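Encoded as structure tokens, the structure appears first; notes follow it.
What's counted below: heavy atoms across the whole structure, side chains too, no hydrogens, waters or symmetry copies. Keep in mind that what you see is a predicted model, and the values were worked out from it rather than measured.
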Amino acid sequence: MSPAAPARPTRPARPVWTPWRTVFAFGLVSLAADMVYEGMRAMAGPFLGSLGASALIVGLVTGAGEAVALMLRLVTGPWADRSRRHWRLTVVGYAMTAVCVPLLAVTPFLGSAGLAVVATLIVLERAGKAVRSPAKSALLARMATSTGRGKGFAVHKALDQVGAFTGPLLLAGIAALTGLLWPGFAVLAIPGALAMVLLAQLRRRAPIATRADPDEDEDEDARPARGAWADLRAAAVGADLPRAFHLFSLAAALTTAGLMTFGVISFRLVEAGLLTAAAVPLVYALAMAVEALAALATGGPFDRWGGRVLLVVPVLVAAVPLCVFTDRLWLVLAGVVVWGAATGVQDSTVKAYVADLVPAGRRATAYGVFAAVQGVGALAGGALAGALVDRHAVALAVLIGVLQACAAALLWRTTRHQRP
């Protein structure tokens, strides 16, 4: 009788990450990915121009990309909730960014086809943002349950912003050293690969990232029986979401419309002779740093007081034009700081509050609808500011104040009965 084969030693189970470590790792994923796509967005215009694009083509390509990034979420959000494939959509969306941006480095060598390939890659990268964003936010809301959603989203946003200003600065440095734009896109393959490696670690070390929330199962059981197309169509317009969510979305759209883009502010700085164009990126870096700090500072108060923290946003937004439309540099810089603080408070807490307003099984849907409504507000606000900032700055400041008064009223109505 042959001796029994020795038993194979069992591998020790990998330690499961704590909730805070999970949230922090997810924030590092966003940091690395933001370096990639914010670096691309910072250089997209000059790069297209270097390949022969006119100003009209640059506007069409970048505008189409942003439209896809916002409006496609009306489909990808409900799709994530219905299919329960939040994790898969998150990975696919990040992979699209990690692949498309570095591929821009080869387009100068494609001859006449280079411009068309660049335009396609830019739009595909923005589509990747739309694919992952609602699903990613739903996953983060699940991960941050134990840490407090306010603090969890705040830490994630702060790390996200680190990548948002590191990526453009990295590309600017490479362009200054080489005199070329395409090597910077090739270097961005490194943070793109790092983001994918971190996602793989999250899947192995953080079961909560892939395990469904029990509340989602209850929401699924409570869903009325409908056809797949009818269910997707109703979800895409938010027909099955609470009234408080729609009021809050409208309030956020109004604050976003009043919160002018930095492009308008920087245009005013240079046009008024307060700063040179070369100094504008430094002011933008200041705004991004303030935004990150404001996001971190808001998380704890949100967990204690809930959505009422957002009542400070309309006040900050209304104060911005009173500062940035002056001819004193120190006051304009103070307005930029207020702008960064308002953006940080809003961006770090709105997603946490949406998670509180809607059922767990509808979060990705809600994030998709919310992004679309907020995108309409951003588009309207940008057009309004661009039309009035040059000769009617006082009228623009008054109009922004009226919009913020309406936003504050809607926020108060939404949050007055909320329990933290």
Side-chain angles (χ1 to χ4, degrees), residues 70-82 86 130 133-142 144-145 148-150 152-154 157 213 215-216 218-224 226 230-259 298 302-303 305-314 345-378 380 403-404 406-420:
L70 289 171
M71 303 309 295
L72 189 57
R73 298 184 203 190
L74 288 172
V75 176
T76 58
W79 183 14
D81 283 336
R82 184 172 182 82
H86 300 83
S133 190
K136 178 199 74 174
S137 297
L139 287 176
L140 182 57
R142 186 190 301 168
T145 301
R149 287 203 181 100
F153 274 94
K157 179 64 181 179
D213 192 322
D215 291 341
E216 295 178 17
E218 296 176 7
D219 296 334
E220 183 70 21
D221 295 337
R223 179 186 296 182
R226 291 185 294 208
D231 186 61
L232 186 63
R233 183 175 56 188
V237 297
D240 55 352
L241 296 175
R243 183 171 179 268
F245 164 78
H246 292 291
L247 290 176
F248 177 61
S249 298
L250 180 57
L254 292 175
T255 55
T256 302
L259 199 59
T298 309
F302 177 86
D303 288 332
W305 303 319
R308 287 189 287 273
V309 170
L310 286 163
L311 289 168
V312 73
V313 174
V345 173
Q346 173 162 284
D347 288 353
S348 65
T349 53
V350 290
K351 291 181 179 178
Y353 191 43
V354 167
D356 290 344
L357 289 175
V358 302
R362 299 292 186 276
R363 283 176 186 153
T365 300
Y367 287 128
V369 173
F370 185 84
V373 175
Q374 199 172 24
V376 171
L403 290 176
Q404 299 322 296
C406 295
L410 286 171
L411 282 171
W412 174 251
R413 186 171 181 179
T414 305
T415 61
R416 62 178 176 173
H417 299 306
Q418 183 208 14
R419 292 182 179 180

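Atom CG of Leu411 sits about 11.5 Å away from atom SG of Cys406, to the nearest 0.5 Å. To the nearest 0.5 Å, atoms OG1 (Thr76) and OH (Tyr367) are separated by 13.5 Å. Once rounded to the nearest 0.5 Å, the distance linking CG of Leu72 with CH2 of Trp79 reads 9.0 Å. Rounded to the nearest 0.5 Å, atoms CD (Gln374) and OG1 (Thr255) are 6.5 Å apart. Going from atom NE2 of His246 over to atom CG of Leu410 covers 13.5 Å, rounded to the nearest 0.5 Å.
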Checking side chain to side chain contact (heavy atoms under 4.5 Å, CB included) for the pair Phe302/Asp356: CA distance, chi angles, key distance, verdict? CA-CA 11 Å; Phe302 177 86; Asp356 290 344; 3.7 Å; yes
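Nearest heavy atom pair, residue Ala135 against residue Ala80, reads CB-CB, 4.1 Å. Nearest heavy atom pair, residue Ala355 against residue Arg363, reads O-NE, 3.6 Å. Nearest heavy atom pair, residue Gly368 against residue Leu74, reads O-CD2, 4.0 Å. Nearest heavy atom pair, residue Leu311 against residue Ala408, reads CD2-O, 3.9 Å. Across all non-hydrogen atoms, the minimal contact from Phe153 to Lys351 is CE2-CB, 3.5 Å. Here the closest non-hydrogen pair linking Leu403 and Ala257 is CD1-CB, 4.5 Å.
For the pair Thr256 and Gln346, the minimum side-chain heavy-atom distance is below 4.5 Å. Using a 4.5 Å heavy-atom cutoff, the side chains of Pro134 and Thr365 are not in contact.
Qualifying side-chain hydrogen bond (donor to acceptor under 3.5 Å, both in side chains) partners for Gln404, counting only residues two or more places apart in sequence or in other chains: none.
Classified by interplanar angle (parallel below 30°, tilted 30° to 60°, perpendicular above 60°), the ring pair Phe245/Phe370 is tilted.
The residue from Thr414, Val350, Thr415 that alone fulfils the side-chain contact (heavy atoms from CB on, under 4.5 Å) condition with Leu310 is Val350.
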